Amino acid sequence: ATEDALKVGRYHCLREGWDDAFLSFMKSGGFSPSKKVEKIDVPSLILWGRQDGILDGKEFADKFVETLPDAELCWVEECGHVPHLEQPEFTAEKIASFLRSDKFE
């Protein structure tokens, strides 16, 4: 990732009150998106950074594909957790191509 991408990715951590908010979030049990994924009933494009060090694609990407009724997985090479910052041109093209596909006719 570029230096700018790293700064943008961590900006929220530098905000006043972040430490208290993060602690409160963790005490609450955090966010559980896995319980909500199966409720998505529209075509979905899953963009996953091949080198994601936060959520292992080998473990999680296939779970999304299996759970979403109409999902398409696209690996983003030379990319970590934030494809839109690390590989913006590739990411934008994949999203545009997906939206132009016959899934939305």
Side-chain angles (χ1 to χ4, degrees):
T2 66
E3 193 63 34
D4 284 342
L6 293 172
K7 287 179 186 176
V8 168
R10 293 210 19 92
Y11 183 70
H12 63 284
C13 299
L14 305 174
R15 305 282 299 168
E16 185 178 332
W18 167 253
D19 292 337
D20 291 335
F22 184 65
L23 182 59
S24 176
F25 175 74
M26 295 307 289
K27 285 182 177 179
S28 76
F31 177 58
S32 298
S34 61
K35 296 176 184 173
K36 298 179 182 343
V37 171
E38 64 188 19
K39 296 178 181 179
I40 299 171
D41 62 355
V42 295
S44 303
L45 175 63
I46 302 165
L47 294 164
W48 210 287
R50 183 74 74 181
Q51 289 76 32
D52 189 336
I54 295 173
L55 292 173
D56 181 13
K58 292 177 187 170
E59 180 179 352
F60 292 104
D62 286 338
K63 287 181 182 179
F64 277 94
V65 172
E66 292 166 6
T67 305
L68 290 163
D70 189 6
E72 178 180 323
L73 173 62
C74 176
W75 290 102
V76 184
E77 302 298 337
E78 298 179 29
C79 184
H81 191 65
V82 285
H84 59 288
L85 296 177
E86 298 175 51
Q87 297 290 348
E89 293 85 12
F90 178 86
T91 300
E93 177 52 40
K94 287 298 177 182
I95 292 170
S97 177
F98 180 74
L99 292 173
R100 287 190 301 261
S101 73
D102 60 0
K103 292 179 181 269
F104 298 99
E105 291 180 350

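Only a predicted model underlies this, so the values are computations on that prediction, with no experimental measurement involved. All heavy atoms count here, side chains included; hydrogens, waters and symmetry mates do not.
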(request) Show which residues join V42 in its hydrophobic cluster (side-chain heavy-atom contacts under 4.5 Å, direct or indirect), or state none. (result) V37, I40, I46, W48, I54, L55, F60, F64, V65, L68, L73, W75

(request) Taking the side chain as every heavy atom from C-beta outward, state whether L99 and L45 have any pair of such atoms under 4.5 Å apart. (result) no

(request) Under the salt bridge (charged side-chain N to carboxylate O under 4.0 Å, His left out) rule, collect the residues that match up with E77, sequence neighbours excluded. (result) R50

(request) Among residues two or more places apart or on two chains, list those pairs meeting side chain to side chain donor-acceptor pair (under 3.5 Å) that have a residue in residues 54-64. (result) none

(request) Please collect all side chain to side chain donor-acceptor pair (under 3.5 Å) contacts where either partner lies in residues 88-105, sequence neighbours excluded, each pair once. (result) D70-K103, E93-R100

(message) Considering only residues two or more places apart or on different chains, which pairs with a residue in residues 85-105 satisfy ring-ring contact (aromatic ring centres under 6.0 Å, His included)?
(response) F98-F104

(message) Could you work out, with side-chain hydrogen bond (donor to acceptor under 3.5 Å, both in side chains) as the rule, every residue matching H84, not counting sequence neighbours?
(response) none

(request) Measure from the side-chain N and O atoms of E38 to the backbone N and O of T67, and report whether any donor-acceptor pair falls under 3.5 Å. (result) no

(request) Check for a donor-acceptor pair, side chain of Q87 on one end and backbone N or O of V76 on the other, with a separation under 3.5 Å. (result) no

(message) For a quick test of reading the model, state the closest non-hydrogen atom pair linking P83 to G49 and the distance between them.
(response) CG-N, 4.2 Å

(request) Sorted by first residue and then second, give each side chain to side chain donor-acceptor pair (under 3.5 Å) pair with at least one member in residues 13-30; sequence neighbours left out. (result) Y11-R15

(message) Treating Q51 as the side-chain partner and C79 as the backbone partner, does any N or O pair qualify as donor plus acceptor under 3.5 Å?
(response) yes

